[in-house]
Participant: 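Submitted below is the structure of interest, expressed as structure tokens.
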Protein chains: 2
Amino acid sequence: MGTTQVEAAPEPKYWHLKTVLSEALDSEFSVGEILPNERDLAARFGVARATLRQALEQLELEGRLQRRRGVGTTVAPPRVGVAVASSADQEWPGEADGDAWQTVDSEPAVPPTAVAQVLGTAPGERVHRVRRTRVSQGRPVAAELLYVPASSVPELSAIDAPSGPARARAVLRELRRLGLEGQDRAVELGSARADDAKELDRLPGAPMLVVTTRFYSEGETAAMSVATYRADTCRLTFGDSGGVEIHHGPDRRAS
Amino acid sequence: MGTTQVEAAPEPKYWHLKTVLSEALDSEFSVGEILPNERDLAARFGVARATLRQALEQLELEGRLQRRRGVGTTVAPPRVGVAVASSADQEWPGEADGDAWQTVDSEPAVPPTAVAQVLGTAPGERVHRVRRTRVSQGRPVAAELLYVPASSVPELSAIDAPSGPARARAVLRELRRLGLEGQDRAVELGSARADDAKELDRLPGAPMLVVTTRFYSEGETAAMSVATYRADTCRLTFGDSGGVEIHHGPDRRAS
DNA sequence: AAGTGGTCTAGACCACCGT
DNA sequence: CGGTGGTCTAGACCACTTG
């Protein structure tokens with residue numbers, strides 16, 4: 001074992017490129033700065049543009065870069081910590097989330113089959129669908145759809161009543177009157193639907209962190225929300241002191 | 001507004017392709033089934049292989065497909081729900097997580113600078129680094145690195161003492177003797193490092209859900225763990241009844 | 001050895017943003 | 001309008017698994 005085999009399994013060009021770029025970002029660029037365009041970068045590194053793009057894609061996925069069509073590629077700020085749940089957090093949507101969420105509107109809609117199963121509604125049955133948007137530091141970071149069966153808010157007039165923001169607030173108000181017995185959440189990776197993408201200023205298919213929350217009341221699932229967060233810019237925080245600063249930096253490891 | 005403009009903004013081929021394939025998966029394929037190879041699929045749809053691959057990539061990201069080099073593309077089973085925290089969950093690692101986690105070993109190591117900052121250790125200072133692996137339904141789903149400053153486990157012999165599984169268990173045991181005052185977590189999107197990738201049977205750069213947990217004791221951060229979960233196969237659950245079945249299906253939306 | 005997915009190339013055109 | 005990133009092509013070769 002004398003020969004120092006550096007490249008026993010040669011790593012792909014885009015992978016090496018990513019590492020090089022990553023280090024350059026740490027040392028030679030500051031947040032918001034614009035990188036050279038892709039054609040120039042590719043030429044500079046002696047690779048095809050597609051290969052260069054593969055590296056940039058990875059860095060964007062990791063929240064290090066931000067790319068905008070027609071504009072350019074910029075160095076992204078550290079991800080924002082977005083509080084999804086505090087420690088003793090058992091609350092209805094809109095109950096104590098301050099000005100983080102902005103209620104958009106409410107319409108009757110048929111929920112996706114997976115949601116209908118959880119809610120226990122008949123397939124094809126319409127429920128209240130409340131749309132909300134979450135803004136953090138001036139930028140939209142999440143879009144939410146909250147599905148509420150008519151049976152959870154019986155005081156509300158017929159489900160086909162006029163839609164709109166006022167209606168949305170009414171649904172949330174009625175929901176708050178129920179006793180909240182518990183809730184559970186799940187986080188998974190998804191991709192932006194066309195409508196979410198537009199709202200969040202991303203392209204369709206962009207990676208999203210999908211948070212589904214189920215609200216229990218009186219032994220039943222009273223409501224269910226599906227919130228999609230921009231995966232490139234968000235760090236979801238759960239716990240006692242949400243939002244502690246952790247930013248990445250040189251991450252080389254010593255043995 | 002009389003003309004029915006179906007393609008006002010023509011959607012990209014790969015996007016349309018993804019939709020078509022997604023519906024085919026729902027109706028014509030069952031879990032574990034092998035799809036035709038990429039060259040055949042591309043020919044069948046009349047697109048270049050790269051375009052077809054872009055669609056497959058998306059579907060893999062969403063956990064619908066599984067691709068393995070040298071083998072083929074198969075229909076993935078629904079994501080497994082992996083409990084990350086229960087409701088009243090304030091526990092040290094290894095305290096009550098049953099047989100979910102498997103302790104691998106412990107070595108002295110210099111933590112990444114971001115971790116060192118949180119732990120309050122000097123840059124370059126070595127800490128205990130415990131490695132654990134999480135297995136669910138026979139498959140490895142996560143790899144964890146737990147960083148424990150020597151000051152948190154003072155009873156332990158010098159940090160350079162023999163490494164290995166026994167050492168790892170000793171670190172966890174000592175940690176458990178401390179009073180746990182709180183913890184908070186964050187979830188964000190990351191990509192697999194080369195070593196994690198190998199351990200989790202993925203390629204480097206594969207998308208991962210990175211869960212960082214900070215453990216507080218006596219007003220200090222006593223330890224910090226960084227766990228990376230396979231984003232394609234995992235749904236992280238938090239809450240009262242972790243692991244409720246929610247599987248995707250036809251998700252078309254009616255107005 | 002044959003077949004699979006993964007990487008890479010060189011080029012073209014398109015959609016979008018700013019001026 | 002010119003410049004940017006986004007999409008797409010047709011082909012080549014490589015790394016890996018399996019028979």
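Below, chain A is the first sequence line, B the second, and so on; all start at residue 1.
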Participant: Distances under 3.5 Å only, N/O to N/O: pair up the protein atoms with those of nucleotides 17-19 of chain C.
Facilitator:
none

Participant: Can you name the residues that form a salt bridge (charged side-chain N to carboxylate O under 4.0 Å, His left out) with A:R132, not counting sequence neighbours?
Facilitator: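 If we apply the salt bridge (charged side-chain N to carboxylate O under 4.0 Å, His left out) test to A:R132, skipping adjacent residues, the hits are A:D97, A:E144.
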Participant: Take atom CD1 of A:I34 and atom P of D:dG3, then tell me their distance rounded to the nearest Å.
Facilitator: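 In whole Å, D:dG3 P and A:I34 CD1 are 15 Å from each other.
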Participant: With DNA chain C as reference, determine whether B:G72 or B:P204 sits nearer its 5' end, using the nearest nucleotide of each.
Facilitator: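 It is B:G72 whose nearest nucleotide is closer to the 5' end.
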Participant: Can you list everything that forms a salt bridge (charged side-chain N to carboxylate O under 4.0 Å, His left out) with B:E199? Sequence neighbours excluded, please.
Facilitator: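 Expected list: B:R131.
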Participant: I need the single residue from B:V80, B:L200, B:L209, B:D196 that forms a side chain to side chain contact (heavy atoms under 4.5 Å, CB included) with B:R230. Which is it?
Facilitator: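 Filter result, single survivor: B:L200.
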Participant: What is the distance, rounded to the nearest whole Å, between atom CG of A:D40 and atom P of D:dG2?
Facilitator: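 Between P of D:dG2 and CG of A:D40: 18 Å.
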Participant: What residues, two or more places apart in sequence or in another chain, satisfy side-chain hydrogen bond (donor to acceptor under 3.5 Å, both in side chains) together with B:Q58?
Facilitator: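 side-chain hydrogen bond (donor to acceptor under 3.5 Å, both in side chains) list for B:Q58, sorted by chain: B:K18.
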Participant: Mind listing the side-chain donor-acceptor pairs of residues 135-142 of chain A below 3.5 Å, one per line with the distance, residues two or more places apart or on another chain?
Facilitator:
none

Participant: For A:E60, which residues count as a side chain to side chain contact (heavy atoms under 4.5 Å, CB included) partner, sequence neighbours excluded?
Facilitator: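 With neighbours one apart ignored, the set is A:R67, A:R202.
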Participant: What pairs with A:L203 under side chain to side chain contact (heavy atoms under 4.5 Å, CB included), at least two apart in sequence or on another chain?
Facilitator: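 Applying side chain to side chain contact (heavy atoms under 4.5 Å, CB included) to A:L203 gives A:R69.
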Participant: Does any N or O donor sit under 3.5 Å from an N or O acceptor when you compare the side chain of A:R39 with the base of D:dG5?
Facilitator: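 Checked by distance alone, the answer is yes.
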Participant: I need the CZ-C1' distance between A:R202 and C:dC16, as an integer number of Å.
Facilitator: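 A:R202 atom CZ is separated from C:dC16 atom C1' by 15 Å.
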Participant: Using whole Å, what does the distance between atom C1' of nucleotide C:dC14 and atom CD of B:E11 come to?
Facilitator: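 That distance rounds to 16 Å.
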Participant: For B:Y14 and C:dC14, give me the distance from atom OH to atom C1', rounded to whole Å.
Facilitator: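 Interatomic distance, OH of B:Y14 to C1' of C:dC14: 13 Å.
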Participant: So, does A:T73 get its side chain near the phosphate of D:dG5, meaning an N or O under 4.0 Å from OP1 or OP2?
Facilitator: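 Yes, within the criterion.
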Participant: How long is the line joining NZ of A:K18 and P of C:dT7, in whole Å?
Facilitator: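 So the two atoms are 12 Å apart, to the nearest Å.
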Participant: If the cut-off is 4.0 Å, is B:N37 near the phosphate of C:dT4, judged by side-chain N/O to OP1 or OP2?
Facilitator: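 For C:dT4, OP1/OP2 do have a side-chain N/O of B:N37 under 4.0 Å.
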Participant: Go through the N and O atoms of the side chain of B:R68 and the base of C:dG6, and report whether any donor-acceptor pair is under 3.5 Å.
Facilitator: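 No pair found.
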Participant: What is the distance, rounded to the nearest whole Å, between atom CG of B:L203 and atom C1' of D:dT17?
Facilitator: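 Nearest whole value for this atom pair: 13 Å.
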Participant: Could you identify which residues of residues 47-58 of chain B place a heavy atom less than 4.0 Å from some atom of DNA chain D, listed by residue number, or say none?
Facilitator: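 Nucleic-acid contacts, sorted: B:V47, B:A48, B:R49, B:A50, B:T51, B:Q54.
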Participant: Parallel, tilted or perpendicular: which fits the ring planes of A:Y229 and A:W101, with parallel below 30° and perpendicular above 60°?
Facilitator: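 Ring orientation, 0 to 90° scale: perpendicular.
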Participant: When the nearest nucleotide of DNA chain C is assigned to B:P36 and to A:K13 on a heavy-atom basis, which residue is associated with the more 5' position?
Facilitator: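 Closest to the 5' end, via its nearest nucleotide, is B:P36.
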Participant: Could you work out, with side chain to side chain contact (heavy atoms under 4.5 Å, CB included) as the rule, every residue matching B:V71, not counting sequence neighbours?
Facilitator: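 Here the qualifying residues are B:R68.
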Participant: Please state how far atom CD in B:Q66 lies from atom C1' in C:dG5, giving the value in whole angstrom units.
Facilitator: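 So the two atoms are 13 Å apart, to the nearest Å.
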